[in-house]
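As structure tokens, the structure follows; a few thoughts come after it.
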Amino acid sequence: PQPQHHANTTGAPGTEDRAVEAPAAHATSLTQHHCSRASLGPWSARDCPRNRDDGAMIIGVPTATAPGARTVAATPQTVIALRKLGYDVLVESGAGAHAHLSDDAYREAGAQVGSATQAWGADVVALVSAPGLADVARLRRGATLVGVLTPAQRPDLVAALAERGVTGLSLDAVPRISRAQALDVLSTQSNIAGYRAVIEAAETYGGMFAGQVTAAGKTDPATVFVIGAGVAGLAAIGAAGSLGARVRAFDVRPEVAEQI
């Protein structure tokens with residue numbers, strides 16, 4: 001069956017998972033359009049997933065290869081959702097290790113666990129961060145790559161994907177409109193960044209954010225100043241406040257005054 005897109009409110013629980021689920025759900029129509037072009041290049045019609053006769057389309061989830069990357073493009077929960085849409089999901093062994101997601105958890109959700117070659121060779125490959133040029137060579141011709149590709153900053157990556165005959169769906173280039181909220185990975189990642197910034201600040205500060213009253217005396221709460229009250233800033237404000245700090249914030253945009 002043709003997958004349907006369901007909008008989701010950005011910032012709601014599970015949004016970070018649906019950011020991958022939704023574009024993968026659209027991959028059938030996107031790849032079919034790509035494979036119907038006259039300029040298919042050197043790769044054959046057999047490479048098009050819609051022309052395959054060997055079962056459902058396979059969504060591959062490889063281990064992130066970007067330096068320092070700890071994210072994974074699918075969780076067991078999103079695997080269940082993708083399976084319900086009729087897709088097969090293949091996760092590279094250990095892909096979720098840094099996110100504390102075990103191979104067994106993926107198997108229980110209905111995914112296959114395989115090698116890096118199998119994950120990169122799937123019909124649709126989902127990543128959070130952009131792949132390296134060496135990774136492009138591992139993609140099958142006619143495949144679809146879904147991730148934060150930053151095409152304006154990576155013309156070399158765009159050229160490599162085009163030469164390989166790969167359709168790239170760059171999530172950071174999706175318009176930030178209501179209908180596309182489930183694809184808004186920029187807000188999702190910014191929300192995480194704001195929270196992480198406060199955690200890093202607390203580690204650097206070394207003291208306690210919350211005020212303390214003990215038999216030995218009293219300490220005042222820390223004061224946290226957040227510059228910029230966008231998605232990341234609001235997440236930082238919430239995280240610092242929940243740790244007991246006094247929070248002040250600043251933003252040059254007058255429309256955010258009611259939020260801070």
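FYI, side chains are in, hydrogens and waters are out, and symmetry mates aren't considered; it's all heavy atoms of this structure.
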So how far is it from [X] [atom1] to [Y] [atom2], rounded to the nearest 0.5 Å?
{"X": "S178", "Y": "D184", "atom1": "OG", "atom2": "CG", "answer": "10.5 Å"}
{"X": "T223", "Y": "R246", "atom1": "OG1", "atom2": "CZ", "answer": "4.0 Å"}
{"X": "L169", "Y": "T144", "atom1": "CG", "atom2": "OG1", "answer": "8.0 Å"}

Consider only side-chain heavy atoms of I, L, V, M, F, W and Y, link residues closer than 4.5 Å, and tell whether [X] and [Y] are in one cluster.
{"X": "V231", "Y": "V224", "answer": "no"}
{"X": "I80", "Y": "I59", "answer": "no"}
{"X": "V252", "Y": "I227", "answer": "yes"}
{"X": "L186", "Y": "L234", "answer": "no"}
{"X": "V148", "Y": "V146", "answer": "yes"}

Judged by atom type as modelled, is there a donor-acceptor pair below 3.5 Å linking the side chain of [X] to the main-chain atoms of [Y]?
{"X": "D123", "Y": "M57", "answer": "no"}
{"X": "R107", "Y": "A111", "answer": "no"}
{"X": "N191", "Y": "T188", "answer": "no"}

The test is side-chain contact (heavy atoms from CB on, under 4.5 Å); show your working for Q212 and D220 and say whether it passes. CA-CA 7 Å; Q212 301 290 320; D220 292 329; over 6 Å; no
What pairs of donor and acceptor atoms, side-chain ones from residues 199-209 against any protein atom, are under 3.5 angstrom apart with sequence neighbours left out?
from: E200; atom 1: OE2; to: R196; atom 2: NE; distance (Å): 2.7
from: E200; atom 1: OE2; to: R196; atom 2: NH2; distance (Å): 2.9
from: T204; atom 1: OG1; to: E200; atom 2: O; distance (Å): 3.1

For residues [X] and [Y], determine if any side-chain heavy atom of one lies less than 4.5 Å from a side-chain heavy atom of the other.
{"X": "T117", "Y": "R138", "answer": "no"}
{"X": "P151", "Y": "D172", "answer": "yes"}
{"X": "E108", "Y": "P76", "answer": "no"}
{"X": "L82", "Y": "V79", "answer": "no"}
{"X": "V72", "Y": "E92", "answer": "no"}
{"X": "V128", "Y": "Q189", "answer": "yes"}
{"X": "L149", "Y": "P131", "answer": "yes"}
{"X": "L161", "Y": "L157", "answer": "yes"}

Taking all non-hydrogen atoms of both residues into account, name the closest pair between [X] and [Y] and its distance.
{"X": "A152", "Y": "P155", "answer": "O-CD, 4.2 Å"}
{"X": "A249", "Y": "I237", "answer": "CB-CD1, 3.6 Å"}
{"X": "A130", "Y": "A66", "answer": "O-CB, 4.3 Å"}
{"X": "V61", "Y": "A74", "answer": "CG2-CB, 3.8 Å"}
{"X": "A64", "Y": "T71", "answer": "CB-O, 3.7 Å"}
{"X": "L133", "Y": "A160", "answer": "CD2-CB, 4.0 Å"}

If you look only at pairs with a residue in residues 88-125, which of them pass as a ring pair (Phe, Tyr, Trp, His ring centres under 6.0 Å), with sequence neighbours excluded? none
Under a 3.5 Å threshold, yes or no: a donor from one side chain and an acceptor from the other, between D103 and S93? yes
Check whether more than 12 heavy atoms from other residues, nucleotides or ligands sit under 6.0 Å from atom CZ of R248, and answer yes or no. no
